[in-house]
2 protein chains.
Amino acid sequence: MDQNKIPQATAKRLPLYYRFLNNLQHQGKSRVSSKELSDAVKVDSATIRRDFSYFGALGKKGYGYNVEYLLGFFRKTLDQDELTEVALFGVGNLGTAFLHYNFVKNNNTKIMMAFDADPDKVGTEIGGIPIYHIDDLEEKMKDVKVAILTIPASEADSVTERLVEQGIEGILNFTPARITVPDHVRVHHIDLAVELQALVYFLKHYPLDK
Amino acid sequence: MDQNKIPQATAKRLPLYYRFLNNLQHQGKSRVSSKELSDAVKVDSATIRRDFSYFGALGKKGYGYNVEYLLGFFRKTLDQDELTEVALFGVGNLGTAFLHYNFVKNNNTKIMMAFDADPDKVGTEIGGIPIYHIDDLEEKMKDVKVAILTIPASEADSVTERLVEQGIEGILNFTPARITVPDHVRVHHIDLAVELQALVYFLKHYPLDK
DNA sequence: GAGAAGTCGTGATTATTTTCACAATTAGTA
DNA sequence: TACTAATTGTGAAAATAATCACGACTTCTC
């Protein structure tokens, strides 16, 4: 709403910064420079300073950044206070990995429920998160606005359609299928096979030195 | 070696194109336009044409692209013939998801072996892939040049160090830890928590219409 | 308190990526 | 064959992102 001028490339790095600052705080460090951050998160220090500068002057010249202050600032900016509720679809290995991940700790998101078609899974819990039958999607999913898709590709379209019907706002899609949604729904796509393939391609064609 | 001028942004999209072309072929389609491809993979059609053009004139004006020809071309370019061997570290849920994924089908990569510290897992197989003890890394991993890291963050540094020692060339890191490697090792980083958080951030701050 | 060392914030520059827009060419049709 | 509709490939422009480089300010040390 407000900071609409923040470059997308910057926005994508914010959660990364946030996580690392959290680590620093746990380690009891109270001060950090863009150079140190750079070494840790592998982003050029000038880029980090530029990123931060979109939010105003957060550091002090000759000193660096105060970890606590920066963290407090990010918490607000990243809406760490507000909790976003998430539903997960497909309790296979990948889905289970998500359920075991405790997002809430460093995070503003919580998986509230999961869906699957397997009767052996329905009715159980994983990591304290209840698993419902996929048929009950409409009934159980009331206010949840974000979904993670870890279902087989063949199910992607039908589930997506129902989610859109239900008023979903964002989908994190791990399916190889490229799903079609109305313009007002945001989809981020992660394809594990593509990621691996891309790495291999880069290895062969982009001899590094940097 | 040859096509060193291909933009990285393009390179990242190639596996995506490849996968979709494969689907088309299975559907028996012999012809496709950049517009159709665009609808399917959600990339602007001009971008697709530009991407392809880095490899020469692959299409025909007024006609589009011949699926089979394009596919044959990509197969060579993406080294689909050559098989890249991969080792996986950490047979938790995420690691298991990878082992079940049959990469070879549409793919130039194969997970040859997995490593874990859990004695219950060591000695077994998942999806036909043997699981060794992490202590045997040096012994078992001979020619494998690519590793997938799905271990706990706390293990990331020590395993990475051993991999580097062993002559690793590329690492796909799913650990939240940002690992440090020599310049000649390529690391791609995917942090599931960061991805989810980024999606949520975008939802709140980048109202879409596009 | 003065000088040295460190570090930010940012104007300017450069690099990369996307998009526009249209001439050229082809397929399809009558 | 001649006309129409489709679609590429690409020069040029625009948008986005990364990096350089330095003035200004802060802390530290003696």
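When reading the values below, keep in mind they use all heavy atoms of this one structure, side chains included, and skip hydrogens, waters and symmetry mates. Bear in mind the structure is a predicted one, so any value in this text is a computation, not a measurement. Convention: sequence-line order gives letters A, B, ...; per-chain numbering from 1.
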Under 3.5 Å side-chain donor-acceptor pair for A:D51 and A:T10:
yes
Expressed in angstrom and rounded to an integer, what is the separation of B:R49 atom CZ from C:dC22 atom C1'?
11 Å
Step-by-step ring-ring contact (aromatic ring centres under 6.0 Å, His included) determination, B:F174 to B:F89:
CA-CA 10 Å; B:F174 285 87; B:F89 293 83; over 10 Å; no
Atom NZ of B:K12 and atom P of C:dT16: how far apart are they, to the nearest Å?
13 Å
How many Å lie between CD1 on A:I48 and P on C:dG9, as a whole number?
12 Å
For the side chain of A:D44, starting at C-beta, report the closest nucleotide among D:dC20, C:dT18, D:dG9.
D:dC20
Does D:dG9 have its OP1 or OP2 closer than 4.0 Å to a side-chain nitrogen or oxygen of B:Y65?
yes
Out of D:dA17, D:dT7, D:dG11, which has the shortest distance to the side chain of A:P7?
D:dA17
Please tell me if B:Y54 has a side-chain N or O lying less than 4.0 Å from either OP1 or OP2 of C:dT17.
no
Whole angstrom is fine here: how far is it from CG in B:L70 over to P in D:dT7?
15 Å
Heavy-atom closest pair (B:V194 atom, A:R19 atom, distance to 0.1 Å) is CG2-NH2, 4.1 Å
Where the side chain of B:S38 meets the backbone of B:V43, is there a donor-acceptor pair that is under 3.5 Å apart?
yes
Is there side-chain contact between A:I190 and A:L172, with heavy atoms separated by less than 4.5 Å?
yes
Which nucleotide in D:dA18, C:dT19, D:dA21 has an atom nearest any side-chain atom of B:R50:
C:dT19
Just by protein heavy atoms under 4.0 Å, how would nucleotides 25-30 of chain C read 5' to 3' in B, S and -?
BBSS--
According to a strict under-4.0 Å criterion, is A:T47 in side-chain N/O contact with OP1 or OP2 of D:dA18?
no
Looking only at D:dG9, D:dA18, C:dG9, the nucleotide nearest the A:S53 side chain is C:dG9
B:Q197 versus B:Y201: any side-chain heavy-atom pair under 4.5 Å?
no
Whole angstrom is fine here: how far is it from CD1 in B:I6 over to C1' in C:dT18?
17 Å
Is any side-chain heavy atom of A:E68 closer than 4.5 Å to one of A:N66?
yes
N/O (side chain, A:S34) to phosphate O (OP1/OP2, C:dC8) under 4.0 Å:
yes
So which nucleotide from D:dT10, C:dT7, C:dT17 ends up closest to the side chain of A:S33?
C:dT7
Interatomic distance, B:L58 CG vs D:dT10 P [rounded to whole Å]:
10 Å
Calculate the interatomic distance between B:Q8 atom CD and D:dT16 atom P; express it in whole Å.
20 Å
Between CG of B:D51 and P of C:dT17 the distance, given in whole Å, is 10 Å
